[in-house]
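All values derive from a computational prediction rather than experimental measurement.
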Amino acid sequence: MASSNKNNQVGVPVKLLYEAEGMKVTVEMKNGQVYRGLLVSAEDTMNLTLTDAIQTKVNGQVSKLPSAVYLKGTYIRFIALPDLLKSAPLFGSVRNQKRKMEARQAEQQGVSSNKKRKGMD
């Protein structure tokens, strides 16, 4: 799914999109149109390519698109990803980073509160 040549400097949402490649996603555009299809590729800019896509227009008209559709990231309002991604390995590393950050913050708060107490003595 996520290919090894993807940039390691991208954020968690983009990495999650890479994990979703090969899965069905739903994309709502800023103009209200909704696309549901197989995510073939995602880019760092959140540009997406879907195949086997169904387009739902603002007026409710539904149509099956005959070929791949390219959606520009700047026009995307939100992307609904499969629940399967809740257990993606990416979230394990995010949880570890969060724990480390919270531990550092707690340590820093403990040091600053100890300094305040010493000043009061």
Side-chain angles (χ1 to χ4, degrees):
M1 306 275 183
S3 60
S4 59
N5 64 349
K6 303 287 185 180
N7 187 348
N8 288 332
Q9 301 302 315
V10 296
V12 172
V14 176
K15 288 180 181 178
L16 194 57
L17 277 177
Y18 294 150
E19 291 288 329
E21 288 178 352
M23 298 180 185
K24 287 275 188 185
V25 298
T26 302
V27 182
E28 182 175 323
M29 307 302 287
K30 290 180 180 177
N31 66 6
Q33 292 184 8
V34 177
Y35 294 86
R36 176 151 176 82
L38 186 68
L39 179 60
V40 176
S41 68
E43 300 173 9
D44 291 355
T45 55
M46 288 197 176
N47 296 337
L48 308 175
T49 303
L50 303 179
T51 58
D52 300 324
I54 296 173
Q55 176 190 40
T56 305
K57 294 185 179 178
V58 179
N59 64 7
Q61 180 184 356
V62 178
S63 56
K64 172 95 170 100
L65 301 176
S67 61
V69 61
Y70 183 78
L71 306 173
K72 284 197 53 89
T74 56
Y75 299 115
I76 293 173
R77 178 174 291 142
F78 75 86
I79 304 165
L81 300 172
D83 287 340
L84 174 68
L85 289 175
K86 287 180 182 177
S87 60
L90 169 69
F91 286 122
S93 64
V94 170
R95 281 187 210 101
N96 289 338
Q97 288 175 356
K98 183 179 178 191
R99 282 188 206 117
K100 288 177 185 176
M101 183 180 72
E102 289 171 345
R104 269 188 254 122
Q105 287 175 345
E107 185 178 293
Q108 288 174 350
Q109 288 174 351
V111 169
S112 64
S113 64
N114 285 341
K115 286 182 182 178
K116 287 179 185 177
R117 287 185 197 147
K118 287 181 183 178
M120 298 173 110
D121 291 340

Checklist entry - Would Thr56 and Gln61 satisfy side-chain contact (heavy atoms from CB on, under 4.5 Å), going step by step from the backbone distance to the final call? => result CA-CA 6 Å; Thr56 305; Gln61 180 184 356; over 6 Å; no

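Hydrophobic clustering, with ILVMFWY side chains joined whenever heavy atoms are under 4.5 angstrom apart, keeps Leu50 apart from Leu38. Leu16 is not connected to Val40 by any chain of hydrophobic side-chain contacts under 4.5 Å among Ile, Leu, Val, Met, Phe, Trp and Tyr, and they are in different clusters.
Side chain to side chain, Tyr70 and Glu43 meet the donor-acceptor criterion of an N or O pair below 3.5 Å.
Annotation: side chain of Val27 is not in contact with side chain of Arg36 (no heavy-atom distance under 4.5 Å). Within the 4.5 Å cutoff, the side chain of Ile54 has no heavy atoms near those of the Leu65 side chain. At a threshold of 4.5 Å between non-hydrogen side-chain atoms, the residues Gln55 and Val34 do not count as touching. Side-chain contact between Ile76 and Leu48 is present, with at least one heavy-atom pair separated by less than 4.5 Å.
Here the CG-OG1 distance, from Leu39 to Thr26, works out to 11.0 Å after rounding to the nearest 0.5 Å.
Within the structure, the side chain to side chain donor-acceptor pair (under 3.5 Å) test picks out the following pairs touching residues 74-83 (sequence neighbours left out): Glu28-Arg77.
Applying the under-4.5 Å side-chain rule to Ile, Leu, Val, Met, Phe, Trp and Tyr, the cluster around Met101 consists of that residue alone.
For Lys100, the NZ atom sits in a loose shell: 12 or fewer heavy atoms of surrounding residues, nucleotides or ligands are nearer than 6.0 Å.
Summarising the geometry of Lys24 relative to Pro82, their closest heavy-atom pair is O-CG, 3.3 Å, with the distance given to 0.1 Å. Shown here for Gly73 and Asn47, the closest heavy-atom pair between the two residues is N-OD1, 2.7 Å.
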